Amino acid sequence: MLVREVSDVSTANGSCDKNHGATWSAARQAAFGCARPLGAALVPLAEAIGSALALEVRARQDIPHYASSAMDGWAVSGSGPWILVERGTRLERGTRLFPGEASTIATGGVVPEGATSILRKESGMLTGDAPGARNLVLIPEAKPGEVSAGRHIRPAGEEAAAGDVLIPAGTLLNPAHIALAAVAGHDEVAVQRKPLVAVVLTGSEVVTSGEPAPGQVRDTFGPQLGAVISRLGGVPSGQRRIGDSYEEWLAALGGSGSAAVAGGGQPADVIITTGGTGKSGTDHFRTVVEALGGRLLLDGIAMRPGHPAVLAALPDGRFIIGLPGNPLAAMVALITIGEPLLAALGNRQPPDTVIMTSGADFEPDPGRTRLVPCTFVHGLAIPASHTGPGMMRGLAWADGIMAVPPQGVEAGHAVQVMPLPWVQPPQFTDRPVTNEQRHAPWHA
Ligand SMILES: Nc1nc2c(c(=O)[nH]1)N[C@H]1C(S)=C(S)[C@@H](COP(=O)(O)OP(=O)(O)OC[C@H]3O[C@@H](n4cnc5c(N)ncnc54)[C@H](O)[C@@H]3O)O[C@H]1N2
Ligand code: MOO
């Protein structure tokens, strides 16, 4: 099992270590500061897209690695006319063209030694009817310079010389980078490893389909947490559902075969639990962490909703994020501490908040930060409605979450906002395309 050190973090006001109710901003700093970046991993090319390159990619040989034809036609030597020689007659691999000779060639074909240019199919004409003794001539309409030296030949090393750095370390790999790595002869690249994140959904009242009966709740986390984890820079690696007993919690978080072991048999770096963060007899987060020899890095955050959120580290270096069961509270807590923790593990900068202008007045609420889903309208952050701790309706249409400080904020004044991880600027719209739009000319 991979063992990592958990960095010591400050125990100053509002930071880690058994802190009862860190401030919202201290909790974010603590979640970022308590983790060291994971190492690099060699991954197959297709899996590397979207990851940061850990080791530069160099050309393994010249690119192209041989002189090739850029056109279908004939490799020719000299200015013509030419006698056509072919493999099986006189031109074998490794043999050469002599002045006045030509041989057929396809785009990408190896240019034979002695060839001075490629004549495109549409610019040449075969003449003569004696079998095996055909002549090649330029057509009268051929453009001047059609067979000037090097014409339509892609020389070896034209794009890169062996050893050239093609992609520097630190590059966020896009599909074209990966194509370039393939061209350069690589099968794998070394990337900054992203944290594997397993999810344990708790609660015997939670149902996963249809309409819940009174006393039951429909699971709001299972269908969406994987996507959120990916957008926060993690790799979702398995979900497990358990009831409310201590034994189930202990089995899910500890030992092999537990949520600690993600889909591919790899140990998870982070486990997210949902529910059970309270302090009643049916809430087991803290007792199980203690039983496993772990320690609480954050025990509650002075924010609403989401104040019972917990962050813990196990002795083997795994982190556990305990999200409250209330759906909005859980999402707010995940963005508050999950985003910085995953950024630190993935060797990325701490997540930015944006400063916006509050579109509403907020009274003081001493001692806690209010986290309010909001929409962005002409640079204003407008609080959404339907934002109770158990509600999803407000968040569903929101662009960000305002962090209203304990002293409140007046409309027209600056307020910090966490953009939602699934809202990309510019915002995509799901408005259906009209027929006029479909047929109107457009300019890319
Ligand atoms: N006496 C007190 N009671 C509560 C307090 C408190 O300070 N004192 N805090 C309240 C707050 S705030 C929150 S948030 C919740 C935290 O509860 P837990 O993390 O212990 O979660 P549960 O009790 O298991 O569940 C709470 C709520 O969420 C529903 N839930 C759970 N899982 C799911 C799911 N997958 N999908 C949808 N909804 C889920 C669960 O059914 C409960 O309704 O505690 C308050 N109580
Ligand atoms: O603060 Mo709880 O976290 O209301 O939902």
Side-chain angles (χ1 to χ4, degrees), residues 20-24 27-28 197-229 236 238-250 252-253 259 271-289 296 298-312 320-338 365-373 383-384 386-396 398 401-404 406 418:
H20 297 272
T23 64
W24 170 77
R28 280 169 74 72
V197 184
V199 173
V200 177
L201 301 151
T202 79
S204 49
E205 78 284 15
V206 179
V207 297
T208 56
S209 65
E211 295 162 50
Q216 295 182 327
V217 289
R218 178 65 191 268
D219 175 27
T220 54
F221 302 127
Q224 49 111 1
L225 269 190
V228 180
I229 289 165
Q239 251 185 36
R240 175 167 179 183
R241 292 172 191 282
I242 60 168
D244 296 307
S245 74
Y246 174 81
E247 290 71 27
E248 286 171 283
W249 270 81
L250 189 62
L253 298 186
I271 303 171
I272 293 177
T273 63
T274 61
T277 61
K279 292 184 176 166
S280 75
T282 55
D283 297 319
H284 305 297
F285 188 97
R286 292 167 188 78
T287 41
V288 166
V289 166
L296 297 181
L298 284 168
D299 188 3
I301 302 171
M303 64 181 188
R304 178 158 172 77
H307 78 85
V310 203
L311 176 62
I320 312 182
I321 301 174
L323 300 180
N326 280 336
L328 180 61
M331 299 313 290
V332 159
L334 180 58
I335 294 165
T336 293
I337 56 172
D365 186 357
R368 58 190 177 185
T369 301
R370 274 152 296 167
L371 295 162
V372 185
H386 304 289
T387 56
M391 297 180 186
M392 278 287 102
R393 197 168 162 188
L395 189 69
I401 298 177
M402 302 165 81
V404 178
M418 297 186 289

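Start at 1 and go down the list; that is how both ligands and their atoms are numbered. All figures in this text were calculated on a predicted structure; none of them were measured in a lab.
At a 4.0 Å heavy-atom cut-off, ligand 2 touches Pro308 through the side chain alone. The proximity of Arg304 to ligand 2, defined as any non-hydrogen pair under 4.0 Å, is limited to the side chain.
For atom 1 (O) of ligand 2, the nearest non-hydrogen atom of the protein is Gly306 N, 2.9 Å. The nearest protein atom to atom 5 (O) of ligand 2, hydrogens excluded, is given as Pro389 CB, 2.8 Å; this is a heavy-atom distance.
Distance alone, capped at 3.5 Å, places no donor-acceptor pair between the Gln239 side chain and the Leu201 backbone. Panel note: side chain Arg304, backbone Arg370; no donor-acceptor pair is recorded below 3.5 Å.
A donor-acceptor contact under 3.5 angstrom links the side chains of Asp244 and Ser204, judged on distance only.
Of all the heavy atoms in Val289 and Ile320, the pair that sits closest is CG2-CD1, 4.2 Å. The two residues Trp24 and Met303 come nearest to each other via the heavy atoms CD1-SD, 3.8 Å. For the residue pair Thr273 and Leu253, the shortest heavy atom distance occurs at CG2-CD2, 3.9 Å.
Between Arg241 and the options Thr202, Thr208, Asp219, a side chain to side chain donor-acceptor pair (under 3.5 Å) holds for only Asp219.
No side-chain heavy atom of Asn326 sits under 4.5 Å from any side-chain heavy atom of Pro305.
Applying the 4.0 Å criterion to heavy atoms of His307 picks out, from ligand 2, the atoms 1 (O), 3 (O).
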Are there any protein N or O atoms under 3.5 Å from the N or O atoms of ligand 1? List them with distances, or say none.
residue: ligand 1; atom: 19 (O); partner: Gly276; partner atom: N; Å: 3.4
residue: ligand 1; atom: 19 (O); partner: Thr277; partner atom: N; Å: 3.0
residue: ligand 1; atom: 19 (O); partner: Thr277; partner atom: OG1; Å: 2.5
residue: ligand 1; atom: 19 (O); partner: Gly325; partner atom: N; Å: 3.0
residue: ligand 1; atom: 20 (O); partner: Gly276; partner atom: N; Å: 3.3
residue: ligand 1; atom: 20 (O); partner: Thr277; partner atom: N; Å: 3.1
residue: ligand 1; atom: 20 (O); partner: Gly278; partner atom: N; Å: 2.9
residue: ligand 1; atom: 20 (O); partner: Asp283; partner atom: OD1; Å: 3.3
residue: ligand 1; atom: 21 (O); partner: Gly276; partner atom: N; Å: 3.3
residue: ligand 1; atom: 21 (O); partner: Gly325; partner atom: N; Å: 3.3
residue: ligand 1; atom: 24 (O); partner: Gly276; partner atom: N; Å: 3.3
residue: ligand 1; atom: 28 (O); partner: Gly325; partner atom: O; Å: 3.1
residue: ligand 1; atom: 28 (O); partner: Asn326; partner atom: N; Å: 3.2
residue: ligand 1; atom: 30 (N); partner: Gly325; partner atom: O; Å: 3.3
residue: ligand 1; atom: 35 (N); partner: Asp219; partner atom: OD1; Å: 2.8
residue: ligand 1; atom: 36 (N); partner: Thr220; partner atom: N; Å: 3.1
residue: ligand 1; atom: 36 (N); partner: Thr220; partner atom: OG1; Å: 3.3
residue: ligand 1; atom: 41 (O); partner: Glu205; partner atom: OE2; Å: 2.6

